[in-house]
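This report concerns only the one structure given below.
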Protein chains: 2
Amino acid sequence: MNRTALSPKEMAEAIGVSESSLKRWADGGLIRVARTAGGHRRISLPEAVRFVREQGIPIVRPELLGLPEVSSLQLELQRAGSETDRLYDFLTTGRSKEARGVVTSAYLRGTSAAQLADDIIAPAMARVGDLWRHDPAGIFVEHRATDIMIQAVNQLRLLIEPPANAPEAVGGAPAGDPYVLPSLLVATVLTAEGYHAVNLGANCPTDSLLQAAQQHKARLAWISISGVTLEPFLARDMVDFSGKLAAMGTRLIIGGRTRPVLPAGSDRHIQTGVTMAELAAFARGLLAADDARQQAS
Amino acid sequence: MNRTALSPKEMAEAIGVSESSLKRWADGGLIRVARTAGGHRRISLPEAVRFVREQGIPIVRPELLGLPEVSSLQLELQRAGSETDRLYDFLTTGRSKEARGVVTSAYLRGTSAAQLADDIIAPAMARVGDLWRHDPAGIFVEHRATDIMIQAVNQLRLLIEPPANAPEAVGGAPAGDPYVLPSLLVATVLTAEGYHAVNLGANCPTDSLLQAAQQHKARLAWISISGVTLEPFLARDMVDFSGKLAAMGTRLIIGGRTRPVLPAGSDRHIQTGVTMAELAAFARGLLAADDARQQAS
DNA sequence: GGTAAAATCGATCAAATCGTTCAATTCCTG
DNA sequence: CAGGAATTGAACGATTTGATCGATTTTACC
């Protein structure tokens, strides 16, 4: 079941080390622990996840971390094929638990959220999307797979905790674009990069996005384009839009399957990308620049 | 429910410790408690806040402490509506963590998934949906709220596990209907009722639904209508559709904001409902009938 | 006002965790 | 390979925690 906090013993058993070592690591500051009034250590799940990822520690008993789907996945003895193949297999056969396991365990093993999206999830979903061309049952399988994927990414999102003073990021899919998953992935990637991501989801007018950015004093805004093409007139809208955002200190990044073509010379305040890795890199760069500026002052 | 005073049980749940520990801390002077005439402990909200701050104890379920900025010293004890009010507040102000807390804690306290949907989530989302009429920022708030709600329901869904041999249920929103949340709620309610629910999400053609029902040998199929109205010709489609489903042992239930009007005399294999409670009742009835038949044989 | 259900009381007890010490193991370096 | 440093895991008594109990108080409802 879903734990809110772990005791040293639980986490020690989960990763297969002694309780003593875990306590020593906690006392040495390697693991951030809260304390009960009586002095007992309590470890939050996102903190445990952060630690095992950074240290590259294999998880022996995932169910102790509240992640039973990871353990059930281990029962599927190393099947042949890449992670994408396995994910595709689980998605098309409706095995949601195993699909969640693929995503979660890949992240726990150290795969970055962006890599996960680019190299595992996107290819699998692309293959799922091709199904309906050949298979009459493709549409239902695609719908089911999408739902499963949304579940999996939402679960992943809960395992990541941005720092307390994280800058805000706001975004969504443009008006007329009904796809939920891509924007959800962006929100997850940005959370992993240390932002507090506010996802406005599918079909979100730019006006609404602008207001959200204002209210949240967002450092970064994203638009995730999947279901519509960025028409030239829309591209001009975007340039105008990004100008308004820039005026209040918010940088805009636009992404999608294909790199949007913007009017020449308009790439001053507007960034485009087709992969989550690009998005993550840009977001990281923005943070680094802000940090440098703060240190200088 | 903004309480002026907390019971030991409430505060214990809020910070994720046992009631015993809290009472011991109170008796040891760590927490200043008032006593009722009968000797029960009462902890003031400021005292609770002071304690968790001093001890650095993470607050697991902040909604139980009532939020300071809600400020209004409403003495009203927990009514059915108060939870909706809090949820609405969290949804409109973008506090996703707290919103998830309302949903999860309500479920953990014993509220059924159907009740949660009908009495807490639906009213809150309806109020959110009214926002755009009066507030220019309404659209963005609505999008943000929807995303938060989807997260919360997905999290709830992960907390519920159907029995191993659960019958399958398949459904989604009809073609042209872009709303994700209602069908997700149906899937969650059915999971809580003991079904293995396969959600095909928004904008799902009936053909795909039929194929999914076939492949899964579904006992139950649902169509959740939100964004489109059930036109008469579509209604006739539905009767035809439900006939095909019935032929393979799948019962159909159609739901939405308004009760769909079906051609007279067609209600043999088709069920309609406007509340999740109706849906849950029908699903339960189906299960009970099956069980009785199995026992008889 | 009266009654039944729910919550809380105070107390007890087993299990978990505390901080510390120490021996065994691993790692590093000359 | 020898030997010192660092890491690990086990053990210890003292303390903390969480579950449980029958008795009492509070709350909800009529």
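Basis for what follows: all heavy atoms, side chains included, without hydrogens, waters or symmetry-related copies. Throughout, protein chains are lettered first and strands after them, A, B, ... in sequence-line order, and every chain is numbered starting at 1.
OP1 or OP2 of D:dT17 lies within a sub-4.0 Å distance of a side-chain N or O belonging to B:Trp25. Contact between the side-chain N/O atoms of A:Ser18 and the OP1/OP2 oxygens of D:dA10 is not found at any separation under 4.0 Å. An OP1 or OP2 oxygen of C:dT17 is reached within less than 4.0 angstrom by no side-chain nitrogen or oxygen of A:Thr36.
For residues 147-168 of chain B, the set of pairs meeting the ring-ring contact (aromatic ring centres under 6.0 Å, His included) definition, not counting sequence neighbours, is empty.
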Verify side chain to side chain contact (heavy atoms under 4.5 Å, CB included) between A:Leu22 and A:Ile15, making sure each step is shown before the conclusion. CA-CA 10 Å; A:Leu22 204 92; A:Ile15 63 179; 4.0 Å; yes

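Rounded to an integer number of Å, the gap from CD of B:Glu13 to P of D:dA19 is 12 Å. Atom P of nucleotide D:dA10 and atom CG of A:Leu22 are separated by 14 Å, given to the nearest angstrom.
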In 5'-to-3' order, the base (B), backbone-only (S) or no-contact (-) status of each nucleotide in nucleotides 4-13 of chain C, using a 4.0 angstrom heavy-atom cut-off, is ----SBB---

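In this structure, A:Ala106 and A:Leu116 approach most closely via the heavy-atom pair CB-CD1, 3.6 Å.
Not counting sequence neighbours, the partners of B:Arg50 by the salt bridge (charged side-chain N to carboxylate O under 4.0 Å, His left out) test are B:Glu47, B:Glu54.
Annotation: side chain of A:Asn199 is not in contact with side chain of B:Gln151 (no heavy-atom distance under 4.5 Å).
Salt-bridge formation is not detected for the pair A:Glu19/A:Lys9: no Lys NZ or Arg NE/NH1/NH2 atom is positioned less than 4.0 Å from an Asp or Glu carboxylate oxygen.
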